[in-house]
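A quick write-up on the structure given underneath.
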2 protein chains.
Amino acid sequence: MENSFRKCVICERPAFSHNYGVLSCDACKMFFRRVVTLNRDYKCKKDGLCTLKEKTTTCKGCRYKLCQDSGMTFQPNFMDLKDNDQKMDVTNVLGVLLFLDARRSKQMKTQFTDENFSLVQVLENRRMKLKTRRSQILTNHDWSFFGIYTSIEFFMSLDFMADEHLQTRDKVILYNRNGVTVKTFQEILLTSFCVKASLFASAMRAVKEKRDKLMTVDGKDVYPDEILKFKQFSLEFLKRIRSLLVAKMIELRLTIEEFVLCNVILFCNPALLITGAAQDVISRQQNIYTSALLEYCNLVYGKNGPSRFTDLLSLFHVINKNFEDVQAMTVIFKLCSPQTIYRRIVTDVI
Amino acid sequence: MENSFRKCVICERPAFSHNYGVLSCDACKMFFRRVVTLNRDYKCKKDGLCTLKEKTTTCKGCRYKLCQDSGMTFQPNFMDLKDNDQKMDVTNVLGVLLFLDARRSKQMKTQFTDENFSLVQVLENRRMKLKTRRSQILTNHDWSFFGIYTSIEFFMSLDFMADEHLQTRDKVILYNRNGVTVKTFQEILLTSFCVKASLFASAMRAVKEKRDKLMTVDGKDVYPDEILKFKQFSLEFLKRIRSLLVAKMIELRLTIEEFVLCNVILFCNPALLITGAAQDVISRQQNIYTSALLEYCNLVYGKNGPSRFTDLLSLFHVINKNFEDVQAMTVIFKLCSPQTIYRRIVTDVI
DNA sequence: ACTGAGAACATGTTCTGTC
DNA sequence: TGACAGAACATGTTCTCAG
Ligand SMILES: [Zn+2]
Ligand SMILES: [Zn+2]
Ligand SMILES: [Zn+2]
Ligand SMILES: [Zn+2]
């Protein structure tokens, strides 16, 4: 059998077949597969200077590099999976989300609006008229307003948001600096998440464009120039806001499908709605999205699906952490620049 | 470090400490532990003639034998565990069961009765008066009667059997050869399981006495001599009845705690009671026992607990299978020996 | 019948807690 | 604090199934 004379190009063990494109032994096959599906990030401690023996035994970083260099390649991908019932279920949930996300991205990329509705107006299904962006230069405040508005449109387009139970008013009286307000459930959900959503979308844009930090669509720093002059913010703090979430998403290799699902799972936060029918609606909806995400992980990552799923959950903390930082910065900024004028919808949600 | 020069007495790898009583490497430690806790039964294919290298690498049978021969020893044991809340919970459930089982064993070993109550009389809490067995010789029919009766006493002594819901009569009308009867729920449970219980107890007696087949307490074959003459029963079939269940229990190394729990889990079969309060009682009780068994497995077998638990469940089929064989034999025997007279309680449950 | 992806299973190594 | 039981994790081997 000439087979038994073939050697793994990575470690020289006997190789019986090609795996992930390379003549290799089963051990190396599984090693490579695990590094990828478990999203491991092994680093050589000797900066790649391990001996050949170390490279194939003790040093995972070097071994993985050998796998890559020998041409091994494999990236689990949802679209490439063969059709079956589970995939169809997930696809059905994903379809509308991916569409809405694409629409939002396109709006951010090419449009803007001069209108200035309040959140309540938007909830009454009035939409700001968008126009194609020509050569005008947008300020940082414009960008953050538009990011927030397009995210609100995103969520308002979800079917379940039209449910009458979400249009009723909460019994709980909330105080803000404008006095006492009674919000509808829709309003509660949107005000509590749309800034995060905008942040998350902005981070996803960075990931797609292979940047490691947040930027405006037109490639400027996310901070208005004034902020950089403030002594209150350490460079460290500002840098963290720019890169914390993006770094985590890169580390996770977050896919677009995972992104849109995480987005709506976070939006549908039943804890915000004390009880009753509205909470049921949101709870059920969150459940649908959560199940879809787990199913997605199982389909794409096989038996490592649950592990992937919990990795994704860890993203949620990071989003909240990053949001808190932004929030802190915003509060201080408003104190220091009281003259700044915001669009009505921004005031409504901050 | 002299440590680093010490070798595993089993495989000669470096050994850093004693494990299960023997200076050995971690690999051999884990190998031995797994064979025991997962109850593996590896056999050498070359009848122990493997080379030394094979013995410590490819041949699990030889490797395990080396472990044993070098003196490795470890048997997970419930009693030896240190006290904690879980152990207390399980102990509480086990206490009464172990007591009742011990009582039953003692009765079988030393007593007998000449009385002849019907099942209904026993359900009315009348107990046959037992007397110490002197020199009298019991027939096979005596033994099976007494096995059944002591098992009925076992179950009648369980607290929940006094629940009033179990004393009511089933709406479902059952037909047997005596005509139409309406049984109480107690009666349904007992008739459907007491023969199996007696069989199971008899098998456990064999295991304890390190026999590989069923026998009467006084060491006779379980079959009346007449049966051996019947052409209807192949020797194969008779042998299977004698050893199927016992063999499985030996293979599993069934502990006495597992035995008593399996016994009551099988007895509390909610499927027999169509619906209603009686079913609830039994269901809840079965749940208590099942939880206790799983907890027991987790305590004794650690992370292999669930695996042990499913192994035990597989025992249930075997009990039923063995019972069916017994049943078939009994039916044919009765046809061929219509003159045989049974005690009333035996007639009631067969 | 062969190939290769992936699951399932077996084995080996390292960490953790306890006595 | 060393020694070791056991869990947790990493790696390696074999099985299964579809193309
Ligand atoms: Zn290899
Ligand atoms: Zn290296
Ligand atoms: Zn060893
Ligand atoms: Zn052998």
Query raised in the report: Within 45° of the ring axis of B/F78 and under 6.0 Å from its six-membered ring centre, is that where the NZ or CZ of B/K87 lies?
Result: yes
Report task. Starting from P on D/dT11, measure out to CD1 on A/I10 and report it in whole angstrom. Result -> 14 Å
Requested in this report: Round to the nearest Å and state the distance from B/N298 atom CG to D/dG6 atom C1'.
Outcome: 14 Å
Query raised in the report: Can you check the A/M72 CE to C/dA5 C1' distance for me, whole Å?
Result: 12 Å
Query - Validation row, ring centre A/Y42 to ring centre A/Y64 under 6.0 Å - result: no
Query raised in the report: Using a cut-off of 4.0 Å on non-hydrogen atoms, how would the nucleic acid contact of A/K60 be classed: base, sugar-phosphate, or nothing?
Result: sugar-phosphate
Requested in this report: Specify the separation, in whole Å, of atom CG of B/N304 and atom C1' of D/dA7.
Outcome: 10 Å
Query raised in the report: Can you tell me how far C1' of D/dG12 sits from CZ of A/R63, to the nearest Å?
Result: 9 Å
Report summary line: Among the nucleotides D/dC4, D/dA8, C/dA7, whichever has the atom closest to the side chain of A/M30 is C/dA7
Requested in this report: Give B/D26 one of three labels, base, sugar-phosphate or nothing, depending on what nucleic acid heavy atoms sit under 4.0 Å from its own.
Outcome: base
Query raised in the report: Between the base of D/dG6 and the side chain of B/K303, is there any donor-acceptor pair under 3.5 Å?
Result: no
Report task. Mind calculating the distance between CG (A/N19) and P (C/dC2) to the nearest angstrom? Result -> 17 Å
Query raised in the report: For the ring pair A/F323 and A/F200, is the centre-to-centre distance below 6.0 Å?
Result: no
**Report entry** Between C1' of D/dG6 and CZ of B/F16, the distance in whole Å
**Finding:** 18 Å
**Report entry** Separation of atom CG in A/L299 from atom P in C/dA7, rounded to whole Å
**Finding:** 11 Å
Query raised in the report: How is A/R33 classified with respect to the nucleic acid when contacts are heavy atoms under 4.0 Å: base, sugar-phosphate, or nothing?
Result: sugar-phosphate
Query raised in the report: Between D/dA3 and B/H18, is there an OP1 or OP2 to side-chain N/O distance shorter than 4.0 Å?
Result: no
Requested in this report: Choose from D/dG6, C/dG4, D/dC4 the nucleotide whose nearest atom is closest to any side-chain atom of B/S17.
Outcome: D/dC4
Query raised in the report: Hey, does the side chain of A/Y20 come within less than 4.0 Å of C/dG6's phosphate (OP1/OP2), counting only N and O?
Result: yes
Query - Check: D/dG12 base within 3.5 Å donor-acceptor of A/R34 side chain - result: yes
Report task. Return yes when atom CD of B/E209 has more than 12 non-hydrogen atoms of other residues, nucleotides or ligands closer than 6.0 Å, and no otherwise. Result -> yes
Query raised in the report: Between B/Q286 and B/C268, is there a donor-acceptor pair closer than 3.5 Å when you use the side chain of the first and the backbone of the second?
Result: yes
**Report entry** First encountered from the 5' end of DNA chain C, between A/F74 and B/T57
**Finding:** A/F74
Report summary line: 5'-most contact on DNA chain D (nearest-nucleotide basis), A/K82 vs A/T58, goes to A/T58
Report task. Report yes or no: is there a donor-acceptor pair, N or O only, under 3.5 Å between the side chain of B/K29 and the base of C/dG12? Result -> no
